[in-house]
Amino acid sequence: MKPKKLLSLGAFFLYTLLNSACFSQSRFPYDQLTGPRLLWADSLPCSPEDTIVIMVTVREKAEDSSKLFSDETILSKHFTTLLALWKSPCWYLKEVPSLEEALQLSGYSKEIVTYVHGDGKDFPLALNRAADIRLLFDVPVIAFDVPSLLPQSGRIKNFYNSKRNFKKSAPHFSEYIQTLSNIKEKQAGLTLTLHMHSLGNTVYMECLKENRLDSYPVLFETLLMNAAAVKQKRHKRWLEKSTIQKCIYITYNKKDHTLNGAHLITLRKQLGERVKKPLAGNSYYINVHPLAGKEHNYYSNVRLFSRFPNLQQFYMDILHGRDVPLEDEHRFTRRKDGKGFDIR
């Protein structure tokens, strides 16, 4: 057997031990045995105190499933826009005809984070993760949702299936960007941020490679590529095509156990794992390893935030569209190897 195949086979046993869907981390219930608590609603009377999330999903509906949306199939055209309201112990969902109407009903008018989740998420888990961001950072959230969890599949098969789904969703994502751009034209004071986690960065990479975003003006204050599970090699080529943002931040962690596993099964260094030059000239690189250790979901880890307030403040600044003061020596240290900054 060739060494590369042997290494990849050996990686199977390691990667199956790594976390996929971290059910216990969400602040919202998800029971793997009895299923999620999702209910359709004819109307959603929202108040400022409610937890509200807008879901933009490319999944087909699954009327016979308690999840309401498919774990596998993707809509051939367009996306579905939903308003989700949490009233313990259930999520109530209402489909709306447009993203603009969803924003009006939700009351989101000043700032919005678009969140693209990573691998290992069915519809309710994606909703829960978006709601975690909503509560943790007190910021309105639109979740761009893609099928990325096959319940009966092994970890490696699921990874490659999710990767294909994110690539297939590039047309839907570019349509979403067009829709958001139209809304931004009407609401010039709206502050927008794009937060992509792990394998979710794939959909943006594909849009850039396929030149789907060339014609747009600056739309986002900040674009965050968090723990990106995309190939590190030659990322500069496609990332420097990105012009719809003022700033790009790329977090990386050489001990990230999930990305170490992705590295092993793909035989490719991951962008959110190990950064090598040449770097993209339009991006800031942020090393979180001194703080995060082996953690992958460090953007929402309350335990880490309690120990390292600068880590939480970094995400707070980005998700609220504020400039990150990288020259503040109390919060960041410029790396001598030229690979960005360490968070202190």
Side-chain angles (χ1 to χ4, degrees), residues 54-59 74-82 96-104 108-117 140-146 163-197 199-226 228-231 234-250 271 278-285 318-323:
I54 296 174
M55 297 293 290
V56 170
T57 184
V58 304
R59 304 173 192 259
I74 291 178
L75 294 165
S76 58
K77 295 181 179 179
H78 309 299
F79 51 76
T80 301
T81 305
L82 305 149
V96 292
S98 70
L99 181 60
E100 188 168 14
E101 182 172 333
L103 292 173
Q104 291 171 353
Y108 293 175
S109 59
K110 295 182 179 180
E111 57 178 353
I112 303 169
V113 172
T114 296
Y115 169 65
V116 186
H117 63 76
V141 177
I142 301 173
F144 185 84
D145 171 51
V146 176
K163 192 172 184 178
R164 284 192 296 271
N165 284 345
F166 278 112
K167 287 183 176 181
K168 288 180 188 176
S169 300
H172 304 77
F173 190 75
S174 61
E175 179 192 359
Y176 168 73
I177 294 297
Q178 176 67 69
T179 303
L180 202 60
S181 180
N182 294 340
I183 292 172
K184 174 75 171 176
E185 285 183 8
K186 300 175 184 178
Q187 302 179 44
L190 186 61
T191 298
L192 300 175
T193 302
L194 176 57
H195 170 18
M196 298 167 292
H197 177 62
L199 201 60
N201 286 273
T202 303
V203 70
Y204 193 70
M205 177 183 71
E206 288 301 307
C207 284
L208 292 177
K209 286 184 174 181
E210 296 170 4
N211 301 314
R212 292 180 178 273
L213 306 177
D214 291 353
S215 60
Y216 296 101
V218 173
L219 182 61
F220 298 102
E221 295 296 314
T222 305
L223 192 156
L224 172 62
M225 302 181 71
N226 193 80
V230 297
K231 186 174 71 171
R234 291 192 286 271
H235 72 278
K236 172 184 169 73
R237 293 185 181 179
W238 53 265
L239 187 52
E240 288 188 345
K241 294 182 179 181
S242 182
T243 59
I244 63 172
Q245 78 296 315
K246 292 181 181 178
C247 296
I248 300 177
Y249 294 92
I250 301 171
L271 179 56
L279 306 181
N282 61 348
S283 303
Y284 296 106
Y285 295 77
I318 285 179
L319 297 180
H320 284 278
R322 299 192 289 259
D323 292 335

query: Is any side-chain heavy atom of Leu194 less than 4.5 Å from a side-chain heavy atom of Val116?
result: yes
task: With rounding to the nearest 0.5 Å, note down the distance linking CE in Met225 to CD1 in Ile250.
output: 5.5 Å
Check: Ser109 and Leu103 side chains under 4.5 Å, non-hydrogen atoms: no
- request: Taking all non-hydrogen atoms of both residues into account, name the closest pair between Val203 and Phe166 and its distance.
  value: CG2-O, 3.5 Å
message: Does Val146 form a side chain to side chain contact (heavy atoms under 4.5 Å, CB included) with Phe173? I'd like the steps, not just the answer.
response: CA-CA 10 Å; Val146 176; Phe173 190 75; over 6 Å; no
message: Is there a side-chain contact between Leu213 and Tyr204 in this structure, where contact means two heavy atoms from C-beta onward sitting under 4.5 Å apart?
response: yes
- line: In this structure, CG of Asp214 is separated from NZ of Lys241 (nearest 0.5 Å) by 7.0 Å
message: Is there a side-chain contact between Leu99 and Ile183 in this structure, where contact means two heavy atoms from C-beta onward sitting under 4.5 Å apart?
response: yes
field: Gap separating the CG atom of Asp323 from the SG atom of Cys247, nearest 0.5 angstrom
entry: 6.0 Å
- prompt: Any side-chain heavy atom of Thr202 within less than 4.5 Å of one from Met196?
  reply: no
task: Kindly compute the distance separating CG (Leu75) from OG1 (Thr57), expressed to the nearest 0.5 Å.
output: 7.0 Å
- request: Please report the C-alpha distance between His117 and Asp145 in whole Å, then the side-chain angles of each, then the deciding distance to 0.1 Å, and finally whether the side chain to side chain contact (heavy atoms under 4.5 Å, CB included) criterion is met.
  value: CA-CA 7 Å; His117 63 76; Asp145 171 51; 2.9 Å; yes
query: If you measure from CZ on Phe220 to OG1 on Thr191, what distance do you get to the nearest 0.5 Å?
result: 12.0 Å
message: Tell me the closest heavy-atom pair linking Leu219 and Lys184, and the distance in Å.
response: CD1-CB, 3.7 Å
- prompt: Got Asn165 and Ile74 here, is their nearest side-chain heavy-atom distance under 4.5 Å?
  reply: yes
message: Test side chain to side chain contact (heavy atoms under 4.5 Å, CB included) on Asn201 and Leu271; report intermediate values, then the result.
response: CA-CA 10 Å; Asn201 286 273; Leu271 179 56; over 6 Å; no
query: Shortest non-hydrogen contact from Tyr285 to Ala280?
result: OH-N, 2.7 Å
message: Just verifying a value: how many Å separate Lys209 NZ and Lys167 NZ, rounded to the nearest 0.5 Å?
response: 6.5 Å
message: As a test of understanding, state which of Ile54, Val113, Leu192 forms a side-chain contact (heavy atoms from CB on, under 4.5 Å) with Ile142.
response: Ile54
field: N/O donor-acceptor pair under 3.5 Å between Ser181 side chain and Ile177 backbone
entry: no
- prompt: Is Tyr284 atom OH crowded by more than 12 heavy atoms from other residues, nucleotides or ligands, each under 6.0 Å away?
  reply: no
query: Can you name the nearest heavy-atom pair linking Pro171 to Lys168, along with the distance?
result: CD-O, 3.1 Å
message: With a 4.5 Å cut-off on side-chain heavy atoms, are Asn226 and His195 touching?
response: yes
Arg237, CZ: over 12 other non-hydrogen atoms inside 6.0 angstrom: no
task: Say whether, by atom type as modelled, one donor and one acceptor occur between the side chain of Ser169 and the main chain of His172 under 3.5 angstrom.
output: no
task: Check the pair Tyr108 / Leu190 against side chain to side chain contact (heavy atoms under 4.5 Å, CB included), numbers first and verdict last.
output: CA-CA 9 Å; Tyr108 293 175; Leu190 186 61; over 6 Å; no
message: Donor-acceptor check, side chain of Ser242 to backbone of Leu239, threshold 3.5 angstrom: yes or no?
response: no
- prompt: Do Glu111 and Glu221 have side-chain heavy atoms sitting under 4.5 Å apart?
  reply: no
Closest non-hydrogen atom pair, Trp238 against Leu208: O-CD1, 3.5 Å
query: Considering all heavy atoms of both residues, which atom of Phe79 and which atom of Thr81 are nearest to each other, and what is their separation?
result: CE1-OG1, 3.4 Å
